[in-house]
S.K.: 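I'd like to ask some things about the structure below.
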There are 2 protein chains.
Amino acid sequence: MPVTPTKKEPGTAERCLDIAERLVQLRGFNNFSYADIARELGITTASLHYHFPGKAELGHALIARYTERFLAALGYIEHEQSDANAKLEAYAGLYADVLRDQRMCLCGILAAEYQTLPEPMRAAVTHFFDENQKWLVAVLTQGQADHTLRITGSTDELAHTIISTLEGAMLVARPYGEPAIFNSTTRHLLGSLTN
Amino acid sequence: MPVTPTKKEPGTAERCLDIAERLVQLRGFNNFSYADIARELGITTASLHYHFPGKAELGHALIARYTERFLAALGYIEHEQSDANAKLEAYAGLYADVLRDQRMCLCGILAAEYQTLPEPMRAAVTHFFDENQKWLVAVLTQGQADHTLRITGSTDELAHTIISTLEGAMLVARPYGEPAIFNSTTRHLLGSLTN
DNA sequence: GTCTATAGGCAGATAGAC
DNA sequence: GTCTATCTGCCTATAGAC
């Protein structure tokens, strides 16, 4: 076993996920092919099947990695920020980061294609939203307790609204090719909780 | 030319649009085929090409009809309701109607696939959102003037937020198969403007 | 791990008869 | 308007050599 003191550089499987992730976020799961990945990767489609038996498995791996990273970022926010307001600001920032290069949230675009996805991918998509919901409710509950947030209605309802607004803002902003629409919506959403 | 005193029943082209519209709203534009429509319609795919030369033309016709009907509904609301609050309530109601049978807003799901659409379809999608935006700004401006709505920030920003929230709420609610999530988000959104 | 070769299916589309 | 027949292209996937 070789000693690798420097950070391990990504193998083929990882680079495949990077490429596929970008393609799904741009076009959707059903609108890219193994050939697209193979071309960018410089190998054949047959080789791809060595790393991921089928497209369904690749898709599931995509969601798993995306969710893992996203939840890690939520944990980081929880650790770095103490103020509920700052947490929400950082949360919206995660979405703004995703929107770079006209990308849509991976699970957002998969939600649009939900009816065409294999079962394991479906479960992974709803799991992503469930975890987001849980995290937000905790933050909102905190902000409600210490009166740093102005909350009307239930925290559950508000958490849903926040997720919906951010996902919808990405969805609608993308055709216009400028993040300004997303940013103004985000500003309004957060502003309505702070005033 | 035959006299047709009773309402003309839909021809093949119209029924084709009905079927295609449902399929797009459920699966997306790239996830259904001429064969799907032909099967439901009881004719062959070759016959479909008589009514719509290609899928791009069919897609454009779908958006055109959908937009026409949606804008007609907005005009109807404008005519029936005088209160800005009631107009917004009715506007959200339109979205709730769309969500029936797990359907997504046609232009919302096309926004997700935007990068893969032919140019004419792209223009038609943004036109739909532009018209929604214009209508909402007018309603919000009215509500601001007569103090029936509590508006923070610009009406433009708020209009974007409303569209984003409703589109996002549909997107996220669909995987869960119950309109409850959509409805609670709608309630919260409208509530934040009325209080 | 990656290749060549190839299978088998389905997609959108066209020609031409009726 | 609708049909049969057919084309071409792309897709996912597999077998088997290296």
Side-chain angles (χ1 to χ4, degrees), chain A residues 1-2 4 8-24 26-63 109-110 113 115-122, chain B residues 1-2 4 8-63 109-110 113 115-122 124:
Chain A
M1 228 179 279
T4 55
K8 188 179 53 181
E9 48 194 70
T12 304
E14 205 68 21
R15 283 191 294 151
C16 171
L17 287 175
D18 291 338
I19 295 168
E21 183 178 73
R22 199 188 93 254
L23 290 173
V24 173
L26 290 178
R27 305 189 209 158
F29 185 68
N30 297 295
N31 303 320
F32 81 97
S33 68
Y34 265 43
D36 293 325
I37 304 173
R39 199 178 309 117
E40 268 193 66
L41 210 46
I43 63 175
T44 64
T45 61
S47 302
L48 283 180
H49 283 279
Y50 169 80
H51 300 282
F52 302 95
K55 208 182 173 186
E57 288 78 15
L58 169 60
H60 190 269
L62 278 177
I63 309 173
I109 203 163
L110 291 177
E113 304 180 280
Q115 303 263 16
T116 73
L117 301 180
E119 229 300 304
M121 288 185 67
R122 292 189 185 192
Chain B
M1 229 179 276
T4 55
K8 187 178 51 181
E9 50 193 68
T12 304
E14 205 69 20
R15 284 191 294 152
C16 172
L17 288 174
D18 291 338
I19 295 168
E21 183 177 73
R22 199 189 93 254
L23 290 174
V24 174
Q25 289 185 271
L26 291 178
R27 306 189 208 158
F29 185 68
N30 297 295
N31 302 319
F32 81 96
S33 68
Y34 265 44
D36 293 325
I37 304 173
R39 198 178 309 115
E40 268 193 66
L41 210 46
I43 64 175
T44 64
T45 61
S47 303
L48 284 180
H49 283 278
Y50 168 81
H51 300 281
F52 302 95
K55 208 182 174 187
E57 287 78 16
L58 169 59
H60 190 270
L62 278 177
I63 309 173
I109 202 163
L110 291 177
E113 304 179 281
Q115 303 264 16
T116 73
L117 301 180
E119 228 300 303
M121 287 184 67
R122 292 189 184 192

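Quick note on labels: first sequence line is chain A, next is B, and so on, each numbered from 1.
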S.K.: Identify, with sequence neighbours excluded, every residue that meets side-chain hydrogen bond (donor to acceptor under 3.5 Å, both in side chains) alongside B:Q115.
M.R.: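 B:Q115: no side-chain hydrogen bond (donor to acceptor under 3.5 Å, both in side chains) contacts found.
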
S.K.: Checking A:S33 now: which residues fulfil side-chain hydrogen bond (donor to acceptor under 3.5 Å, both in side chains) with it, not counting sequence neighbours?
M.R.: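 Residues passing side-chain hydrogen bond (donor to acceptor under 3.5 Å, both in side chains) with A:S33: A:D36.
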
S.K.: Using the side chain to side chain contact (heavy atoms under 4.5 Å, CB included) criterion, which residues pair with A:S47? Sequence neighbours excluded.
M.R.: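 Scan of A:S47 (side chain to side chain contact (heavy atoms under 4.5 Å, CB included), adjacent residues dropped) gives A:I43, A:T44.
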
S.K.: If I take atom OH in residue A:Y50 and atom P in nucleotide C:dT4, what distance separates them, rounded to the nearest angstrom?
M.R.: 18 Å

S.K.: Does the side chain of B:S47 get closer than 4.0 angstrom to OP1 or OP2 of D:dC3 through an N or O atom?
M.R.: yes

S.K.: What integer distance in Å separates A:L41:CG from C:dG1:C1'?
M.R.: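 In whole Å, C:dG1 C1' lies 12 Å from A:L41 CG.
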
S.K.: Can you name the side-chain hydrogen bond (donor to acceptor under 3.5 Å, both in side chains) partners of A:T45, sequence neighbours left out?
M.R.: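 By the side-chain hydrogen bond (donor to acceptor under 3.5 Å, both in side chains) rule, A:T45 matches no residue at all.
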
S.K.: Could you tell me how far apart A:L48 (CG) and D:dC11 (P) are, to the nearest whole angstrom?
M.R.: 13 Å

S.K.: Could you list the donor-acceptor pairs under 3.5 angstrom formed by side chains in residues 51-62 of chain B, with sequence neighbours left out?
M.R.:
from: B:K55; atom 1: NZ; to: B:F29; atom 2: O; distance (Å): 2.9
from: B:K55; atom 1: NZ; to: B:F32; atom 2: O; distance (Å): 2.8
from: B:E57; atom 1: OE1; to: B:G54; atom 2: N; distance (Å): 2.9

S.K.: Within the sub-3.5 Å range, which N or O atoms of nucleotides 10-14 of chain C have a protein N or O partner, and how far apart are they?
M.R.:
from: C:dA11; atom 1: OP1; to: B:S33; atom 2: OG; distance (Å): 3.2
from: C:dG12; atom 1: OP1; to: B:F32; atom 2: O; distance (Å): 3.4
from: C:dG12; atom 1: OP1; to: B:K55; atom 2: NZ; distance (Å): 3.0
from: C:dG12; atom 1: OP2; to: B:Y34; atom 2: N; distance (Å): 3.0
from: C:dA13; atom 1: OP2; to: B:K55; atom 2: N; distance (Å): 2.9
from: C:dA13; atom 1: N7; to: B:H49; atom 2: NE2; distance (Å): 3.4

S.K.: Using atom CZ of A:R15 as one end and atom P of C:dG1 as the other, report the distance to the nearest whole Å.
M.R.: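 The distance from CZ of A:R15 to P of C:dG1 comes to 12 Å, rounded to the nearest Å.
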
S.K.: Whole Å only: how far is the CD1 atom of A:I43 from the C1' atom of C:dT2?
M.R.: 7 Å

S.K.: Any side-chain N or O of B:T44 less than 4.0 Å from the OP1 or OP2 oxygen of D:dT2?
M.R.: no

S.K.: To the nearest Å, give me how far apart CG (A:L58) and P (D:dC11) are.
M.R.: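 It is 14 Å, rounded to the nearest whole Å.
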
S.K.: Determine whether a donor-acceptor pair (N or O, by modelled atom type, separation under 3.5 Å) exists between the side chain of B:E40 and the backbone of B:I19.
M.R.: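 No; judged by distance alone, with no hydrogens or angles, the pair does not exist.
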
